[in-house]
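This is a predicted model, so every value here is computed, not measured. Letters go in sequence order (proteins before strands), and every chain restarts at 1.
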Amino acid sequence: MHLVYPAVLSALLFCTGLYGVLARRNAILVLMSVELMLNAVNLNLVAFDVWLSRAARDTLHSGQALTLFTIAIAAAEIGIGLAIVLAVYRNRGTSDIDKLRDTAERPDGAEPGPAAAEKTEATA
Amino acid sequence: MNPALALAAAPHGFLSPTGVEIAFLLVGLVTFGAALITVTTRQLVHAALWLVVALGGLAVEYLLLTAEFIAWVQVLIYVGSVVVLLLFGLMLTRAPIGRSPDADSGNRRAALAVALAAAVALVWVVVDAFRTTWMDLSGPAAGATHVTGASLFRYWVLPFEALSVLLLAALVGAIVLSRKAKADDRAGAGGTTAADGAPAPAPAGKDSAR
């Protein structure tokens, strides 16, 4: 098989995930897009490992080992990420990342009105 | 003979694809389409279900690349647990069933421009670099369980063990993040409902809270 096929597919999947991370508003959809990007990297690692194990007589199989590590780290990442999203949802009542602007710089020291009102409403 | 024809007439030409290549291409199209729907659909639960299709398609691609152990790990961990976690997360944040009008933020066009530019650049570079590279898939599988296990436990033992520590840290971190603070418990008048726990670590979190 040509190496181009998996490499191009992985590049396209990575860019799909990139679009999702930049364009989505719900935090969980952003996490899904991150998963897509990680999977694109995994496909690249596996394809190059299969190629090198024949072309360069590579017996280390670093690509497949790194793929397994990436999968494990992605599982840990999704667990922590969802815990953070749920904590934010419990405190703020939303998982909309466009509304989490507490650390944003505001022009000419405007009052953080709506966010504070929303927070008190969520805790009440 | 122009270069394109020479490329096509080479021993492994693009105009005479092998069966594995055709299968890879078809499954790749399904995977890419499912990924596109995942990042564009307005129905949140459908996005998670299309993600299952994309990840399952990737598992088939691993099988076609003779990396069978990775393929089954992909099915077990991604399709089996990560998507379930995502669905739990969607439910616990009370994601709307059906179309939600605000799934995409305002910077959609900028995101599209960035993604298209990145795609063009990456595909161009990759095709330019590897258009004549041929992977030999015949012979014993490069990713059979025996081979993967031998390399993992012969050369990669230390990272493997470090990774188990990382998983333990992630487990503890998820529990700590998802349980409510004690003071918060007293302040909230019986506010802890069962639906407020985190998905996977919820039972463990309750255990440690007792």
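For B:L55, the part lying under 4.5 angstrom from a heavy atom of chain A is the side chain only. If you measure heavy-atom distances from B:L58 to chain A, the contacts under 4.5 Å come from the side chain alone. Contact of B:L137 with chain A is made through backbone and side chain together, with heavy-atom distances under 4.5 Å. In this structure, chain B has heavy atoms under 4.5 Å from both the backbone and the side chain of A:T16. With a 4.5 angstrom heavy-atom cutoff, B:L51 touches chain A only via side-chain atoms. Contacts between B:T66 and chain A at a heavy-atom distance below 4.5 Å involve the side chain alone, from C-beta outward. The parts of B:A48 that come within reach of chain A are both its backbone and its side chain, each placing non-hydrogen atoms under 4.5 angstrom from that chain. Using a 4.5 Å cut-off between heavy atoms, A:L12 touches chain B through backbone and side chain atoms alike. Using a 4.5 Å cut-off between heavy atoms, A:A55 does not touch chain B at all. Contact of B:L25 with chain A is made through the side chain alone, with heavy-atom distances under 4.5 Å.
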Show me, pair by pair, the donor-acceptor contacts under 3.5 angstrom made by side chains of residues 30-44 of chain A, not counting sequence neighbours?
{"residue": "A:S33", "atom": "OG", "partner": "A:L29", "partner atom": "O", "Å": "3.0"}
{"residue": "A:N39", "atom": "OD1", "partner": "B:Q74", "partner atom": "NE2", "Å": "3.0"}
{"residue": "A:N39", "atom": "ND2", "partner": "A:E35", "partner atom": "O", "Å": "3.0"}
{"residue": "A:N44", "atom": "ND2", "partner": "A:S10", "partner atom": "OG", "Å": "3.4"}

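Rounding to the nearest 0.5 Å places OH of A:Y5 at 10.5 Å from CE of B:M135. Residue B:I22 holds its CD1 atom at 11.5 Å from CE of A:M1, rounded to the nearest 0.5 Å. Rounding to the nearest 0.5 Å gives a distance of 11.0 Å between OG1 of B:T93 and CG of A:D96. With values rounded to the nearest 0.5 angstrom, B:L85 atom CG is found 10.0 Å from A:I28 atom CD1. The distance from the OH atom of A:Y19 to the OG1 atom of B:T40 is 7.0 Å, given to the nearest 0.5 Å. Atom-to-atom distance recorded for B:L86:CG and A:I78:CD1 is 4.5 Å, nearest 0.5 angstrom.
Residues B:Y62 and A:V50 have side chains not in contact (no heavy-atom distance under 4.5 Å, counting atoms from C-beta outward). Residues A:L3 and B:W134 are not in side-chain contact: their nearest non-hydrogen atoms beyond the backbone lie 4.5 Å or more apart. Looking at heavy atoms from C-beta onward, B:W156 lies in side-chain contact with A:S62 at the 4.5 angstrom threshold. Between A:L9 and B:L29, the closest side-chain pair of non-hydrogen atoms is not below 4.5 Å.
Proximity of a side-chain donor or acceptor of A:R90 to a complementary backbone N or O of B:S178 within less than 3.5 Å is detected. In this structure, A:R54 contributes its side chain and B:S138 its backbone to a donor-acceptor pair below 3.5 Å. In terms of modelled atom types and a separation under 3.5 Å, the side chain of B:R108 and the main chain of A:A23 share no donor-acceptor contact. Checked by atom type and distance alone, the side chain of B:E21 pairs as donor or acceptor with a backbone atom of A:H2 at under 3.5 Å.
The shortest heavy-atom contact between B:A174 and A:A83 is O-CB, 4.0 Å. Listed here is the closest heavy atom pair of A:L86 and B:G89: CD2-O, 4.5 Å.
Interface check for chain A: of the options B:V176, B:T31, B:T41, B:V20, the most heavy-atom pairs under 4.5 Å are formed by B:T41. Among the candidates A:R24, A:H61, A:E77, the residue making the largest number of heavy-atom pairs closer than 4.5 Å to chain B is A:R24. Chain B forms more heavy-atom pairs under 4.5 Å with one residue of A:I97, A:V85, A:L68 than with any other, namely A:L68. For chain B, the option among A:I80, A:I84, A:N26, A:V8 with the highest count of heavy-atom pairs below 4.5 Å is A:I80. Taking B:A111, B:P159, B:G28, B:A115 one by one and counting their heavy-atom pairs under 4.5 Å with chain A, the maximum is reached by B:A111. In terms of non-hydrogen atom pairs under 4.5 Å with chain A, the most contact-rich of B:T18, B:V123, B:I70 is B:I70. The candidate with the highest count of non-hydrogen atom pairs below 4.5 Å against chain B, out of A:L60, A:V46, A:L18, is A:L60. Of the listed residues (B:P17, B:A47, B:G173), the greatest number of heavy-atom pairs within a distance under 4.5 Å of chain A belongs to B:A47.
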- request: Report the C-alpha separation of B:L163 and A:I73 in whole Å, then their side-chain angles, then the decisive distance to 0.1 Å, and conclude whether the side chain to side chain contact (heavy atoms under 4.5 Å, CB included) test is met.
  value: CA-CA 8 Å; B:L163 199 66; A:I73 290 176; 3.7 Å; yes

- request: Test ring pair (Phe, Tyr, Trp, His ring centres under 6.0 Å) on A:F48 and B:F130 and set out the steps.
  value: CA-CA 11 Å; A:F48 277 84; B:F130 297 109; 5.1 Å; yes

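Counting heavy-atom neighbours within 6.0 Å of B:F160 CZ, excluding the residue itself, gives a total of 12 or less.
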